Asker: 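I'd like to ask you about the structure that follows.
A note on names: the letters A, B, ... follow the listed sequences, proteins ahead of strands, and every chain is numbered from 1. Side chains are part of it too, since the values below use all heavy atoms of this structure and drop only hydrogens, waters and symmetry mates. The model shown is predicted, which means the values in this text are computed figures rather than measured ones.
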Amino acid sequence: MVNTNSSNQKKHFYKKKHRDQMKHQVLTFAMMIAFTIIAFGLAMADVSPMFTVPIILILAAVQVLFQLYYFMHMNEEGHQWPSVMIYSGIFAAFLTILALTTIVWW
Amino acid sequence: MADDMLKSGNLPENPERATLEGRNKFLGFWFFLGGETVLFASLFGTYLALRNSTVDGPSSQELFGLGLVFLMTVILLTSSLTSVYAMYHMKNNDFKKMQLWLGITVVLGLAFLGLEIYEFVHYVHDYEFGYTTSAFSTAFYTLVGFHGAHVAFGLAWIISLMVRNAKRGLNLYNAPKFYVASLYWHFIDVVWVFIFTVVYLMGVVL
Amino acid sequence: MSTTANQKAGFGSTLWEYLTTVDHKKIAILYLIGGLFFFLLGGLQAMLIRIQLISPDNEFISAQFYNELMTMHGTTMIFLAAMPLLFALMNAVLPLQIGARDVAFPFVNALGFWLFFFGGIFLNVSWFAGGAPDVGWTAYAPLSIFSEGHGVDYYAIGLQISGFGTLMAGINFIVTVINMRAPGMSFMRMPLFTWTSFIASVLILFAFPALTVGLFLLTFDRLFGGNFFDPEMGGNVIIWEHLFWIFGHPEVYILILPAFGVFSEIIPTFSKKRLFGYSSMVFATVLIAFLGFMVWAHHMFTVGLGPIANSIFAVATMAIAVPTGIKIFNWLFTMWGGNIRLTSPMVFALAFIPTFTIGGITGVMLASAAADFQYHDSYFVVAHFHYVIVGGVVLGIFAGLIYWWPKMFGTMLNEKLNHWFFWLFFIGFNLTFFVQHFLGLMGMPRRYWKFLPDQGLDLFNLISTIGAFFMAAGTIVFLYNVIVTQLKGEKVSGDPWDARTLEWGIPSPPPFYNFKQEPLVRGLDPLWVEKRQGNGKIQPAEPLGDIHMPNNSFAPFMLSLGLFIAAFGVVYQGSMWVLAAIGFAITAGSMLYRSMKDDLGYHIHKEDLEKEGDGSNG
Amino acid sequence: MKGWMSRIKAVFALSVLALILSGCGEPFLSALQPRGEGAAMIMELMILSTVIMLFVFLVVMIIYVFVVFKFRQKKGQEDHIPKQTEGSHALETLWTVIPIILLLILAVPTVQYTFALADMNPEVNEEGEENEQIWIDVTGKQYWWHFEYEGLDITTSQEIYIPTDRRVYLSMISDDVIHSFWVPSVQGKMDVNPTGNQNEMFIQAEEEGLYWGKCAELCGPSHSLMDFKVVAVSPGEFEQWVEDMQGVTGEEVPESDTAQDGQELFSDNCLACHAVGSSPNKVGPNLTSFADRDKLAGVFDFTEENLYEWIDTKGENMKPGNMMVDAPYDLEEEEIYQIIEYLMTLSPSEITPESAENGVYQDSDLSNLFPEEEEEDDEEQEDENDEVEDEEEE
């Protein structure tokens, strides 16, 4: 089928590529842990909720983007449709939560 | 053709998407996760609407201890990383290492689930905070419990995949299955990030 | 378990074939049978409702039974009749239209059907188990929480099961469209029916989870002591309304978009013209779907959300009229300058345009929030949504069934009887529902078991009931036509309508592998292109080769049966938990069986295909 | 708000109205014959939207009829292949832009009216002063309505009396499931939600009359029997009615012996749920002006037979699913007739639903209903009490 020599080269190339990716993943993980610590720290510290709540929500959103784009590889090619559907889902989710937090009591 | 699919070893670059079946599974599962996003959003919305409806039961400030939640968060985040490792080894065609890392993921998942059960038991016994105590308690247990059920299902899924393929090794037929299971596991983590933020941290702060 | 489709065998093996099939064309027939069965059931309920309302202060049926009928009529027609019948059309046609040999997930496709079927059966078991649900198809809390007996439990769990099936069917179609298109079938060459089914499936994906959660909350409240909707315990009844309508409004578009697609196939075919403004039709479809997610609260104008929320949702709702209007005018201009043949599918399509326009304009009137304070929950609303759903969806379903009947069965429904069916149904429909607009404005709220004398409501209610009998008569003509046609079994050619799209380029009914060779698509309306610029046959994109087919499986049936059994345990609890254990064990066992087996399918060999001869226009 | 709209209206109103009024139903019930400020505002909006939509429908139908007749296949043309037009940007833009304009014409008054109907601020009279507001607490229950006049010490059920010269403000809540308060000829509807979700709306009747109200949200088996009445009377009559109602304590002793026996039986068997006179008790309908009611239980003819059947069967078959079936009493036939006799004496005021039909207009600004004059009211009440008893003697 394929020349063994070139397939070996390919394998090496992939291995290296995967190893580079993995470094990114570990870095991502470190940042996620850091974000988590910041979020918990803010919650435990005596800071105004007006300040804390938006910050921890943003931290959560960023963490989730990390998960989606790095851990779940949405940054790689062939993920256009997954992105479309995930963002549509987030759109519907956003409307749902907005409604249930604002126009349930009035 | 059919036999190729069951042959282990020597897989292409993205084994999970090398076959049409694999590509279908891959897309179908991503779309399912899009639907799950709305499912959890509905639960989050319900929880947010009812978080102050404690009636006579305890409130979130009285209940939540952040130490345990932090531990659970770190465990689950780490299990997300270990399942990334498993997929890394899958792409490198190293079945044994993949199984090893999946095993670690399962152990971490079990630890998380154990802590969650401990947490619930603690609330019920020490605070008399049962499922039927108030609208808040119902919403809390339902949201966090739904996530817990997802974790339990994910564990059962990964374990049965590991057992089933222990002797068969990695091939084009089961690579998509492993990949999709790991996507599911990450998604569980995504949901937890919002649970610890919206339920626990905001529950203590607000 | 592998079989070939050309088994000519007895009843037993045919039954087994259908119980285990994963072939989308057979699943289409299953959906058709299931959907028609529930359509007749829902129709029967409607007749009882109309007989009760034939005269003022009528005591034909009791208040409790009326509420059960009214609830089950709505639930059955939406979830168990309209949606499965649309799925029947999608399964029968969509893969053929994009030149696919199969759907993306044949197994899941079968599972989707069986879940729908067992969910529907479970819901209807309630009739024999102490009373059907009696709280309206919307099941507003807290009435649904306080409702006595097990009716609402059946509702919550039955819809949950069939909802899972719908979700799976939706995902299957999305992936099929994305991954399985034939070479040359780009997105902007897809037939409109495929497009609208695709978009409807996307709506299913994002709308049904909200219903899933709503039903779970209802189940937990009723069966496990939850407090989501119990005002005494801090629960909030408005949450249910939001969740229900976040699902419920997109659901309207899930139903109507595929019907739009059907008409967008029929009108060009019988006008001998390509669809006018194809790309704006696609754009309008996507826009309707998008806007459809932002307007649900127009069902809740009188809840007391306040003028700000009401105004926002009113304006957003009105906006949907724009893409819908685009569609209406595009259909009109497709016919403009055409060569219109008044076949029965075309007559349905022609009837659809004015009725749906009426449904649309009353929709805009309802969107006007302040005015909705008068319309809401009155017969005006009943008239409006029947104009949309009967005048749009049901006409679309029957038009599609008659149009694709030759493709599904290889036989042709009698045109004369089709026209009889049409006129009886259409006249009856307008008699029944047009006067209801006025009944509503004259002060008759919906879901009324009886109306009182001396309120000026007698005459229009009588007219409405008479119309219902016309509709029933029409439906009977249709059923008679189906039976006679199938008994005669006269075969027709692959392209009896002189149509334009890919599915008409293969024999009727298609062989179980659909396309002997993957077709090459050379433009919009591929068959028309080949008829005008080629030899009238679809060109192959590949040399003749082995075809890979999935194996039949009994697992979808067993898996759904398990949930069906388990559902009784969950409803009755106590010692009945045993049933739940057994049921869940069957389900889990079927899932394990499925995943433990290496199921690679089988191949039809090139040599066998050659023996069968020319696979094109039969 | 009205300027340009009324001009459009002027052109079309007559023809459209003529069209719909032919089947408009009864004036006491139909939304098409508005008798109040809210219903009239909504009617304007309905006419505007109908006119716009009929225009759209006509355009569609003209093209439709033309196309179907002109381009129908003719004999001998079966093989004719028409030109395969792809579309037309100009046309498609046209039928995108025109609907947007039409919708904007409808959207602007929709938003204005939506806010106008939600306006709970006091009305301003000609002198620029704010009118005092009459607020009524409405409670929806399976399957009847309860009304408490805030600050006036009046409780009624099933019938709500309002003066015709001003808005009356409602603050609505449900005791069980969701109901919806609808008086089509006076005002649009508003849901009545359980605990915590208090809704507010105003009703205003421009003409005296007895208007029929309905429950418009499915609430159980007898949903269709949950009617009530709005009795719109002139301000003077309303003032009279208020004074009469304030005088009732429930302790008034009826004249006849049977009725007195009935009263005793009533207090033994019925008072746990029902009340006569102003009372927070709303387990069952308040019966203060029971004998004046237009209908029995909201829907039945007010006859002794019906009343007997109701008390005897606890309304089991008359209003399926009603809560009175659980009432623990057990009465003999004779006792029921005694109670009926007593109930028929519960007519504290000359102002009854009949007054709403051809009432003499009595001028009043209702000023002595409001807190400043409360003390005076109390004195008057006592006088009224005597009067009530006097009346009953007649």
Side-chain angles (χ1 to χ4, degrees), chain A residues 7 10-11 14-15 17-19 21-22 25-26 28-29 32-33 35-37 39-40 42-44 47-49 52-53 56-57 59-61 63-64 66-68 70-74 76 78-79 81-101 104-105, chain B residues 10 12-14 17 23 26-27 29-42 44-50 66-67 69-70 73-74 77-78 80-81 83-85 87-89 91-93 179 182-183 185-187 189-191 193-198 200-206:
Chain A
S7 108
K10 231 189 205 164
K11 239 184 203 164
Y14 285 146
K15 276 220 159 144
K17 189 179 147 201
H18 295 155
R19 212 174 303 128
Q21 278 181 349
M22 205 55 228
Q25 310 278 34
V26 176
T28 310
F29 175 72
M32 281 164 55
I33 294 288
F35 283 5
T36 307
I37 292 172
F40 274 86
L42 267 178
M44 286 196 257
V47 194
S48 150
T52 313
V53 171
I56 58 176
L57 283 176
L59 287 177
Q63 271 209 51
V64 162
F66 275 153
Q67 285 267 0
L68 287 171
Y70 293 100
F71 281 14
M72 295 167 84
H73 310 288
M74 234 165 74
E76 289 175 21
H79 284 72
W81 279 108
S83 313
V84 168
M85 293 300 179
I86 286 291
Y87 280 109
S88 307
I90 290 173
F91 166 70
F94 173 75
L95 289 176
T96 308
I97 291 177
L98 190 69
L100 287 175
T101 46
V104 168
W105 306 130
Chain B
N10 213 6
E13 153 76 339
N14 284 318
R17 280 178 282 162
R23 283 195 297 278
F26 168 81
L27 274 189
F29 196 79
W30 265 105
F31 299 163
F32 170 72
L33 292 184
E36 286 263 273
T37 309
V38 184
L39 183 118
F40 275 103
S42 308
F44 271 107
T46 308
Y47 173 81
L48 285 170
L50 296 174
L66 291 186
V69 178
F70 183 72
T73 305
V74 171
L77 284 180
T78 312
S80 207
L81 182 73
S83 83
V84 170
Y85 264 107
M87 287 307 105
Y88 166 68
H89 290 297
K91 291 200 173 182
N92 282 341
N93 235 322
Y179 188 84
S182 93
L183 279 184
W185 194 257
H186 292 306
F187 186 78
D189 214 21
V190 166
V191 174
V193 169
F194 279 109
I195 289 187
F196 87 68
T197 305
V198 172
Y200 291 101
L201 296 187
M202 275 168 63
V204 172
V205 171
L206 286 179

Asker: Roughly how far, to the nearest 0.5 Å, is CG of B/Leu81 from CZ of A/Phe29?
Answerer: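 The CZ atom of A/Phe29 sits 5.0 Å away from the CG atom of B/Leu81.
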
Asker: Go through A/Ala93, A/Gly89, A/Pro82, A/Ala99 and name the one with the most non-hydrogen pairs under 4.5 angstrom from chain B.
Answerer: A/Pro82

Asker: Measuring heavy-atom distances to chain A, does B/Leu66 have an atom under 4.5 Å in its side chain, in its backbone, in both, or in neither?
Answerer: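 Answer is both: backbone and side chain atoms of B/Leu66 are under 4.5 Å from chain A.
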
Asker: Given a strict heavy-atom distance threshold of 4.5 Å, which part of B/Phe40 is in contact with chain A: side chain, backbone, both, or neither?
Answerer: neither

Asker: If I take atom CE from residue A/Met32 and atom CG from residue B/Asp189, how far apart are they, to the nearest 0.5 angstrom?
Answerer: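 Nearest 0.5 Å value for the CE-CG distance: 5.5 Å.
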
Asker: With only heavy atoms counted, which part of A/Leu57 is less than 4.5 Å from chain B, the side chain, the backbone, both or neither?
Answerer: both

Asker: Which bit of B/Thr46 is near chain A, if near means a heavy-atom gap under 4.5 Å: side chain, backbone, both or neither?
Answerer: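 B/Thr46 touches chain A through backbone and side-chain heavy atoms alike.
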
Asker: Which bit of B/Thr78 comes within less than 4.5 Å of chain A, counting heavy atoms only: side chain, backbone, both or neither?
Answerer: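 Backbone plus side chain of B/Thr78, per the 4.5 Å heavy-atom cut-off to chain A.
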
Asker: Which one, B/Phe44, B/Phe29, B/Tyr179, B/Tyr85, leads in non-hydrogen pairs under 4.5 Å with chain A?
Answerer: B/Tyr85

Asker: List the atom of A/Thr36, the atom of B/Phe196, and the distance in Å for their closest heavy-atom pair.
Answerer: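 Minimum heavy-atom contact is CG2-CZ, 3.9 Å.
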
Asker: With rounding to the nearest 0.5 angstrom, report the NZ to CD distance, B/Lys91 to A/Gln21.
Answerer: 6.0 Å

Asker: Give the member of A/Pro49, A/Ala92, A/Ala61 that has the highest number of heavy-atom pairs under 4.5 Å with chain B.
Answerer: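 The option with the most such pairs is A/Pro49.
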
Asker: Using non-hydrogen atoms only, which part of A/Ser88 is less than 4.5 Å away from chain B: side chain, backbone, both, or neither?
Answerer: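 Interface part for A/Ser88: neither.
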
Asker: Determine whether B/Thr197 and A/Leu59 satisfy the following criterion, side-chain contact (heavy atoms from CB on, under 4.5 Å), listing intermediate values before the conclusion.
Answerer: CA-CA 9 Å; B/Thr197 305; A/Leu59 287 177; over 6 Å; no

Asker: side-chain contact (heavy atoms from CB on, under 4.5 Å) between B/Phe187 and A/Leu68: does it pass, once the steps are laid out?
Answerer: CA-CA 8 Å; B/Phe187 186 78; A/Leu68 287 171; 5.7 Å; no

Asker: State, to 0.1 Å, how close A/Met72 and B/Leu183 come at their nearest heavy-atom pair, and which atoms those are.
Answerer: CE-O, 3.6 Å

Asker: Relative to chain A, which of B/Leu48, B/Val190, B/Val38, B/Val191 shows the most heavy atom pairs under 4.5 Å?
Answerer: B/Val190

Asker: Heavy-atom distances under 4.5 Å only: say whether A/Gln67 touches chain B with side chain, backbone, both or neither.
Answerer: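 For A/Gln67, the side chain is the part near chain B, not the backbone.
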
Asker: For A/Glu76, which atoms come within 4.5 Å of any heavy atom of chain B: side chain, backbone, both, or neither?
Answerer: side chain

Asker: Check A/Ile97 against B/Ala41 and note the closest heavy-atom contact, atom names and distance.
Answerer: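 So the two residues come closest at CG1-O, 3.5 Å.
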
Asker: Near A/Tyr70 OH, under 6.0 Å, is it more than 12 heavy atoms from other residues, nucleotides or ligands?
Answerer: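 It does not: A/Tyr70 OH has 12 such atoms or fewer within range.
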
Asker: For the side chain to side chain contact (heavy atoms under 4.5 Å, CB included) test, which of B/Val205, B/Leu201, B/Val204 pairs with A/Thr52?
Answerer: B/Val205

Asker: Check each atom of B/Thr73 against the heavy atoms of chain A and say whether the ones under 4.5 Å are side chain, backbone, both or neither.
Answerer: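 For B/Thr73, the side chain is the part near chain A, not the backbone.
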
Asker: What part of B/Tyr200 gets within 4.5 angstrom of chain A, counting heavy atoms only: side chain, backbone, both, or neither?
Answerer: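 Neither; nothing under 4.5 Å.
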
Asker: Which one wins on heavy-atom pair count under 4.5 Å against chain B: A/His18, A/Lys15, A/Met85?
Answerer: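 If we count pairs closer than 4.5 Å to chain B, A/His18 comes out on top.
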
Asker: Measure B/Val198 against the heavy atoms of chain A and call it side chain, backbone, both or neither at under 4.5 Å.
Answerer: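 Only the side chain of B/Val198 comes within 4.5 Å of chain A.
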
Asker: Let me know if B/Arg17 has heavy atoms under 4.5 Å from chain A in its side chain, its backbone, both or neither.
Answerer: side chain

Asker: As an exercise: rank A/Val64, A/Thr96, A/Ile37 by heavy-atom pairs under 4.5 Å with chain B and give me the winner.
Answerer: A/Val64

Asker: Mind listing the closest non-hydrogen atom pair of A/Phe71 and B/Ser80 along with its distance?
Answerer: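 That would be CD2-OG, 3.4 Å.
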
Asker: Does B/Phe26 have its ring centroid less than 6.0 Å away from the ring centroid of A/His79?
Answerer: yes

